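Beneath this line is the structure, given in structure tokens, with notes to follow.
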Amino acid sequence: MTNGYKVIGNPKSRAMRVLWVLEELGLDYDFSPDPPHSDAVRALNPEGKVPVFLMDGEPFTDSVAIIQYLADTHGSLTFPAGTRERLRQDGFTQFAVEEVDGALWTRSKHAFVYPPEKRLAEIKPLAIWEFDRAMKTLEHRLGDREFVMGDRFTIPDIILGHCGGWAVPAGFNLPDGPVGDYLARVRSRPALRRAMKRAV
């Protein structure tokens with residue numbers, strides 16, 4: 001196993017982001033599709049959350065931290081820390097996590113994550129409203145650029161592209177027009193297809 005990298009987690013989870021980045025970077029890695037809260041996951045992360053990313057056997061968690069680390073370490077998919085471009089890129093990453101991923105995760109928690117007695121049916125329309133609002137903001141912020149940072153594909157594109165794939169089966173509608181075209185463009189990348197094939 002070159003690099004000592006291993007990804008653990010259901011490929012229908014945020015573990016796919018890590019697989020996608022590893023494929024974009026052309027890195028070797030091992031993969032184990034263990035579900036959240038399984039014994040294999042809890043042995044490495046007591047919270048039971050995935051993905052778990054192993055480097056030489058040491059576990060790390062949180063998909064955004066993992067993929068940004070990989071981008072920084074391998075000098076791709078990112079602008080250098082301390083630059084204005086990185087400041088702008090990190091702003092898009094925060095937007096993707098807080099506004100887009102946040103709406104999807106809120107819906108998911110009340111659909112199947114929380115115990116049944118804690119789920120609120122009225123959350124779904126609110127989450128859809130938040131997602132639709134985020135898509136309008138993305139259209140404004142994206143403009144006519146190929147990717148959120150221009151012609152350079154970066155970490156926030158990975159997060160937004162992953163959210164685009166998550167949204168439809170979760171009952172959200174993707175917009176037509178520039179944002180729909182952008183999400184289709186991002187999700188058509190060969191590295192994502194390779195990651196999805198690896199995860200089957």
Side-chain angles (χ1 to χ4, degrees), residues 7-24 31-38 40-41 45 47-53 61-64 66-67 92-139 142 147-148 153 155-200:
V7 182
I8 299 173
N10 187 325
K12 293 183 179 180
S13 73
R14 295 182 182 99
M16 180 53 69
R17 297 174 182 174
V18 183
L19 300 179
W20 187 353
V21 167
L22 288 165
E23 292 292 344
E24 290 280 355
F31 172 61
S32 183
D34 298 282
H37 305 290
S38 62
V41 171
N45 180 10
E47 294 182 3
K49 294 182 178 180
V50 295
V52 176
F53 181 64
T61 59
D62 189 277
S63 65
V64 176
I66 294 164
I67 62 178
F92 271 110
T93 296
Q94 287 297 113
F95 163 75
V97 171
E98 293 176 5
E99 304 297 330
V100 184
D101 182 291
L104 295 168
W105 182 229
T106 295
R107 167 60 182 143
S108 296
K109 286 185 289 187
H110 288 273
F112 58 85
V113 176
Y114 287 158
E117 68 274 12
K118 299 295 185 182
R119 300 172 191 173
L120 302 176
E122 60 268 26
I123 286 294
K124 181 177 180 179
L126 177 59
I128 290 174
W129 177 81
E130 287 184 342
F131 182 83
D132 291 344
R133 183 178 64 171
M135 292 296 99
K136 291 183 176 65
T137 301
L138 178 57
E139 181 175 2
L142 179 66
F147 304 115
V148 295
F153 184 74
I155 288 298
D157 295 304
I158 295 272
I159 300 169
L160 289 166
H162 175 256
C163 287
W166 178 3
V168 174
F172 294 75
N173 294 319
L174 297 180
D176 296 323
V179 172
D181 293 344
Y182 159 75
L183 292 173
R185 184 163 58 248
V186 167
R187 290 190 58 79
S188 69
R189 291 180 69 84
L192 176 57
R193 292 198 294 271
R194 291 195 300 272
M196 294 173 72
K197 185 177 180 180
R198 176 76 179 267
V200 172

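Just so you know, residue 1 is the first one in the sequence shown, and it goes up from there. A quick note: this is a predicted structure, and the numbers were derived from the prediction, not measured.
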* Find out whether Val50 and Asp34 are in side-chain contact, i.e. whether some heavy atom of one side chain is under 4.5 Å from a heavy atom of the other. => no

* To do: For residues Phe31 and Leu22, determine if any side-chain heavy atom of one lies less than 4.5 Å from a side-chain heavy atom of the other.
  => no

* Check for a donor-acceptor pair, side chain of Arg193 on one end and backbone N or O of Ser188 on the other, with a separation under 3.5 Å. => yes

* To do: Decide yes or no for Val200 and Met196: does some side-chain heavy atom of the first lie under 4.5 Å from some side-chain heavy atom of the second?
  => no

* Spell out, as yes or no, whether a donor-acceptor pair under 3.5 Å connects the side chain of Ser108 to the backbone of Leu104. => yes

* Ile67 side chain near Ile159 side chain, heavy-atom distance below 4.5 Å -> yes

* **Between CZ on residue Phe131 and SG on residue Cys163, distance to nearest 0.5 Å** => 7.5 Å

* Cation-pi geometry met for Arg14 and Trp105 (6.0 Å, 45°) -> yes

* Asked: Say you draw a straight line from CG of Leu126 to NZ of Lys124; how long is it, rounded to the nearest 0.5 Å?
  -> 13.0 Å

* Side chains of Ser38 and Val41: closer than 4.5 Å at any heavy-atom pair? -> yes

* Considering all heavy atoms of both residues, which atom of Arg119 and which atom of Val113 are nearest to each other, and what is their separation? -> NH2-N, 4.4 Å

* To do: Identify the heavy atoms of Gly164 and Leu174 that sit nearest to each other, and give their distance.
  => O-CD1, 3.7 Å

* Going from CD1 on Ile128 to CG on Asn173, what distance comes out if it is rounded to the nearest 0.5 angstrom? -> 7.5 Å

* Which heavy atom in Tyr182 sits nearest to a heavy atom in Pro156, and how many Å separate them? -> OH-O, 4.5 Å

* Shortest non-hydrogen separation from Phe92 to Val148 and the atoms involved -> CE1-O, 3.5 Å

* **Stepwise salt bridge (Lys or Arg N to Asp or Glu O under 4.0 Å) test for Arg17 and Asp101** => CA-CA 12 Å; Arg17 297 174 182 174; Asp101 182 291; 2.4 Å; yes

* **Candidate pair Arg133 and Glu99, rule side chain to side chain contact (heavy atoms under 4.5 Å, CB included), full reasoning** => CA-CA 9 Å; Arg133 183 178 64 171; Glu99 304 297 330; 4.3 Å; yes

* Asked: Are Arg189 and Phe153 in a cation-pi contact, defined as NZ or CZ under 6.0 Å from the six-membered ring centre and within 45° of the axis?
  -> yes

* Lys49 NZ: over 12 foreign heavy atoms closer than 6.0 Å -> no

* To do: For residues Asn10 and Pro35, report the shortest heavy-atom separation together with the two atoms involved.
  => CB-CA, 4.3 Å

* Using 30° and 60° as the class limits, which term best fits the ring planes of His110 and Tyr114: parallel, tilted or perpendicular? -> perpendicular

* To do: Please step through side chain to side chain contact (heavy atoms under 4.5 Å, CB included) for the pair Thr61 and Phe53, ending with a clear verdict.
  => CA-CA 6 Å; Thr61 59; Phe53 181 64; over 6 Å; no

* State the CZ-CG distance between Arg187 and Asp157, to the nearest 0.5 angstrom. => 13.0 Å

* Asked: Under 4.5 Å between any side-chain heavy atoms of Leu138 and Leu160, yes or no?
  -> yes

* With side chains defined as the heavy atoms from C-beta onward, is the minimum distance between Val21 and Ile158 less than 4.5 Å? -> yes

* Closest heavy-atom contact between Pro51 and Val18? -> CG-CG2, 4.0 Å

* Do the side chains of Met16 and Leu192 get nearer than 4.5 Å, heavy atoms only? -> yes

* Asked: What distance separates Glu23 CD from Lys197 NZ, expressed to the nearest 0.5 Å?
  -> 10.5 Å

* Structure fact -> d(Arg107 CZ, Ile123 CD1) to nearest 0.5 Å is 10.0 Å

